Amino acid sequence: MMDDIGDELQAEIMNEIRKRYSATVIGHWQQPRNWGIMGDADGYGKVTGPCGDTIEISVQVKDRTIQKCTFDTDGCGTTIACASIITEMVTGKTVIEARRINESGIIEFCGGLPDDDRHCALLAANTLQKALDDYDERRSEAWKKYYAR
Ligand code: FES
């Protein structure tokens, strides 16, 4: 009996979530890709948004192409989804191409986001830019790699 009520409640919550979010967002939220911080990253960024959530992004770059991108966050489901999505969007792209990824591109990849969740995409985009800034900085001053974070 208790289990039935629990299952019904869960199904109801899932229905509400499906009304607000695309299958892409729910998929990345439930099964985030590339979660973790790389110890040997070539670039690292950490940004806390006005809502208090933080995203960290690490990139591994070879021949100016992003080989690997990972993230960590203490944020909500949408933040997890946006950060997970951005790691997939940048992998295989050049640093210049990755620089062009912004809030709108992430929202488009998401298949749309409710207005009050759009800032999660902005936070992911800003964190990626910070990781790429760090990559550029380390390239110009190679010794900084050894004093990362
Ligand atoms: Fe803060 Fe998503 S709720 S970034």
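Fair warning: this is a prediction, and the values are worked out from it, not measured in the lab. Ligands are counted one by one from 1 in listed order, and the atoms in each one are counted from 1 as well.
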Are any of the side-chain nitrogens in [X] or [Y] under 4.0 Å away from the carboxylate oxygens of its partner?
{"X": "K68", "Y": "D40", "answer": "no"}
{"X": "K130", "Y": "D134", "answer": "no"}
{"X": "D133", "Y": "R99", "answer": "yes"}
{"X": "K46", "Y": "D53", "answer": "no"}

Identify, by atom number and element, the atoms of ligand 1 in contact range of [X], meaning under 4.0 Å from any of its heavy atoms.
{"X": "C76", "answer": "2 (Fe), 3 (S)"}
{"X": "L123", "answer": "4 (S)"}
{"X": "H119", "answer": "1 (Fe), 2 (Fe), 3 (S), 4 (S)"}

Quiz prompt | Heavy-atom side-chain contact between T70 and W35 under 4.5 Å | solution = no
Quiz prompt | Nearest-contact summary for atom 1 (Fe) of ligand 1 - protein heavy atom, Å | solution = C51 SG, 2.2 Å
Quiz item: Which residue owns the protein heavy atom closest to atom 2 (Fe) of ligand 1, what's the atom, and how far is it?
Solution: C120 SG, 2.3 Å
Quiz item: What atom name does the N, O or S atom of D53 nearest to atom 1 (Fe) of ligand 1 carry?
Solution: OD2
Quiz item: So, T79 and atom 2 (Fe) of ligand 1: N/O/S under 2.8 Å, yes or no?
Solution: yes
Quiz item: Going hydrophobic residue to hydrophobic residue with side-chain gaps under 4.5 angstrom, can you get from Y44 over to L123?
Solution: no
